[in-house]
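Atoms within each ligand, like the ligands themselves, are counted from 1 in listed order. All figures in this text were calculated on a predicted structure; none of them were measured in a lab.
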Amino acid sequence: MQEDKDREDFIESGKLAAKVREESKSLIMVEESLLDIAETVEQMILQEGAKCAFPLNISVNEQAAHFTPETGCLLMLGENDVVKVDLGVSINDALTDTAYTVDLSGKHGKLVEASATALENAIKLMKPGTRIAEVSATIEETVKSFGFLPISNLTGHMIKKGLLHAGVEVPNVRTAMPYVLREGDIFAIEPFASSGSGLVQDTDQVEIFSLINPKPLRLPQARKIQEQIMRDYRLLPFAQRWLDSGNSRLMVNTALKEMMAQRVVISYPVLKDSGDGLVSQAEHTILVGEEPLVLTK
Ligand code: MN
Ligand code: MN
């Protein structure tokens, strides 16, 4: 039965994500290199014979998502940093997605608690028959009860085999979304809490891309990089850093620029709170059932 096999793959993928999530926590310390953290966590996934569903996102303070260090990045965690660690595992295309926040200063406990409690409250609702609108309202109310704003333009998402964002979204604020949860659905729920505007905007920095529309390319550099992406990552997001070994930086830049122009790849710019507030995030992947099963716990 394909369905049973898929379920097993998702359970296995979630178990590995949970293990890496827990083991990665010891790396999140003042003066740790962001590049070392990213490479170490990604290796933890690869060494188990799984794939990264996306590059490790390690977004700090007002950054909400999509930062991953570039090759040679010298950034280190600082004593006042609020650090979001967001990781994804792929086993036979069963994708699981989980994130947590570490407050290195100890001054932002409430902010961290706001997104974590919103996630806990949302998980209890992940049963057949629940409307997404109820989940979203609960997230908004919980985050606001801590005195913060939920980020309204970042959402949780349905997951299907090979598709991390499978169409149905779970907003972090009240919504009129009509979707009703069904037994066996898989969703990543990811409340974000902000001390700023509660809205994210793109920055100029881009480290993560994904292939969306492979096609014949004339530029040899772009052809080579497209082949490499097709072979190693297919349609899953990848870091520019991952392409650097064995290719010159200039060659990778040229190839990505051409592929962006041809709409062969899309980019995921680093997102930050538009009011420069601090941001926390909590995320798990959940299998909808009478007893909701948190795959990544
Ligand atoms: Mn995530
Ligand atoms: Mn997600």
Q. Where do E48 and K19 come nearest, in terms of heavy atoms and distance?
A. OE2-NZ, 2.8 Å

Q) Should the pair K272-D202 be classified as a salt bridge under the 4.0 Å nitrogen-to-oxygen rule? A) no

**Q.** Minimum-distance N/O/S atom that H157 presents toward the Mn ion (ligand 2)
**A.** NE2

**Q.** Heavy-atom neighbours of K127 NZ exceed 12 at 6.0 Å
**A.** no

Q.
Classify the ring geometry of Y233 against W242: parallel below 30°, tilted from 30° to 60°, perpendicular beyond 60°.
A. tilted

(Q) I'd like to know if I159 and I91 are part of one continuous hydrophobic network [Ile/Leu/Val/Met/Phe/Trp/Tyr, side-chain heavy atoms within less than 4.5 Å]. (A) no

Q.
Is it true that Q281 and D86 share a donor-acceptor pair across their side chains at a distance under 3.5 Å?
A. yes

**Q.** the Mn ion (ligand 1): protein N, O or S atoms [distance under 2.8 Å]
**A.** D86 OD1, D86 OD2, D97 OD1, E283 OE1

